[in-house]
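Quick caveat, the model's predicted, so the values are computed rather than measured. Just so we're on the same page: letters track the sequence lines, and every chain starts at 1.
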Amino acid sequence: MIKLLAPPPSPHLLPVLVQRNTSMSSNGAAPSKAMGPAPVAPSGMPNVRPINSLTPYQNKWTICARVTSKSSIRTWSNSRGEGKLFSIDLLDESGEIRATAFNAECDKFFEMLEPNNVYYISVATLKTANKQFSSLKNDYEMSFNGGTQVVPCHEDNSIPAMQFDFISIEQLEKAEKNSIVDLIGVCHEYADISTVIQKSTGRELKKRDLKIIDHSKRSVNLTMWGEQAEKFDGSGCPVLAIKGARVSDFGGVSLSLIGSSTVQINPDISEAHQLKGWWESTGCNSSDVISLSNNRGGSSGGMGGGPLKTFAEAKREGLGSRDQPDFYSCKAIVTLVKKENLLYRACTSEGCNKKVTDMNNGMYRCEKCNKEIDSFSWRLMISCNLADFTESLWVTMFQDVGEIVLGSTAQEMGAMKEENPDMFLAVVSAASFKEYTFKLRVKMDTYNDESRLKTIVQSVEPVNPVEYNKRLIKEIKEMSG
DNA sequence: CCCCCCCC
């Protein structure tokens, strides 16, 4: 694990370090509240430098830095090869830098490096940081290499704690979509874990939605993912200090955590104590809280979701009979996928997706774009019958949802229909009798002076049995109570 | 050498 250390460094390094310590403690200009003696590299490591002095042109150095975020291990596979990696963000008094460990170094250092801890790190490959992928304030980033050494540092007084650049939730209204922000808020609501299917890969993802509020009396939805979502305990209204959340425009404004985000729960910092005080004295009783995130179309797994209803309930409540659409979720079975006209040839222009006309000369005409193109893409528009234990309902499914329910892409369906019609039919009929949680949008549709209720499936998720049983238990209690 | 950060 840790490389055996070489013999002690040559003595000429010592006066340099002593001098640095002396100058820092005597001039009284310590920038950090927790200023201690400058860290001295363990024997065998080059002398310690500030992060902001590192460049690709030096190769003998050590830094002493705090890990402010740590990704999980990710694998990749592309034309240049495949491998695995994780990355960390490092902070010292002088600045910050991202470090990535690939393959052998990934295995070697993943366990040792923990967020919030301080390490001596010596020797790595520096290269120009791609600003497109990092918000850290450094022109360079490092990759660990075969000569990299990492040693935990326990005398870390001179290394600043994680630094936040908090904005208030109110300020989020003006934040740009996809920007990365730091926030501190009280988690005053949290949903259970739910599972969604990632569109691009079909992978199941665990997520948890919660709401945070601050003294601006604004509240915003935040989504956590994966293991972090599973481990999160929102009971007792904890204060969350969040570094590096991503701003989304879903439902107005909402937040999502990403790989480089870090969350501290009830951190021992003044902002957290102040906020906790505000929440407990007045905040929790505020009646004039404004939510920046509307909950339409949110998670069906509890908070923020369209409510879970049966088809009979939705009908009885007249959902979809108003001007605006209504949203609800239901647990239902696919009873029939109508095999006719479930595919169409679509325009490939960005964002168009309209049906094209086959000109029978190798060209396809899009009326909307008013042009002819020599290719098309297959798209799905499926009429499908769903049933729960109360009723059945005809719904429409488009591309992404249809691909999940059919278990094949629109492109595959198109190819099958033309080259292997039997297989096409087999895939369509195999889609029946599977159960999902559907999120539905229902609205009155007027066509040729005739009005009828139109239901579109917004998303389809595996049924979450824990969530569903909780609902049943709640209903049983209400009936008996 | 990654560079995806997800779901509505």
Options B/dC2, B/dC4, B/dC6, nucleotide nearest the side-chain atoms of A/Q198:
B/dC6
A/F250-B/dC8 aromatic stacking (under 5.5 Å, under 30°):
yes
For the residue pair A/N385 and A/T335, confirm or rule out a side-chain donor-acceptor distance under 3.5 Å.
yes
For A/F376, is the NZ or CZ atom of A/K355 found under 6.0 angstrom from the centre of its six-membered ring and inside 45 degrees of the ring axis?
no
Residues at least two apart in sequence or cross-chain that pass side chain to side chain contact (heavy atoms under 4.5 Å, CB included) with A/S261, listed by chain then number, are A/L257, A/I258
Just call it for A/R246: base, sugar-phosphate, or nothing, with non-hydrogen atoms closer than 4.0 Å on any strand.
sugar-phosphate
Using only side-chain N and O atoms of A/R80, determine if any of them is under 4.0 Å from OP1 or OP2 of B/dC2.
yes
Taking only the side-chain nitrogens and oxygens of A/N78, find out if one of them lies under 4.0 Å from OP1 or OP2 of B/dC2.
yes
Answer yes if the side chains of A/N145 and A/T125 hold a donor-acceptor pair under 3.5 Å, and no otherwise.
yes
Among B/dC7, B/dC8, B/dC3, find the nucleotide with the atom closest to the side chain of A/V196.
B/dC7
By the 4.0 Å heavy-atom rule, please label A/G259 as base, sugar-phosphate, or nothing.
base
Would you indicate, yes or no, if B/dC7 has its OP1 or OP2 atom less than 4.0 angstrom from a side-chain nitrogen or oxygen of A/S194?
no
For A/T100, which contact category applies under a 4.0 Å heavy-atom criterion: base, sugar-phosphate, or nothing?
base
Heavy-atom contacts under 4.0 Å between residues 223-233 of chain A and DNA chain B, which residues?
A/T223, A/W225
Once hydrogens and angles are ignored, does a donor-acceptor distance under 3.5 Å link the base of B/dC2 to the side chain of A/E141?
yes
Is the phosphate of B/dC3, meaning OP1 or OP2, less than 4.0 Å from a side-chain N or O of A/R98?
no
Would you kindly check whether a donor in the side chain of A/K207 faces an acceptor in the base of B/dC7, or vice versa, at under 3.5 angstrom?
yes
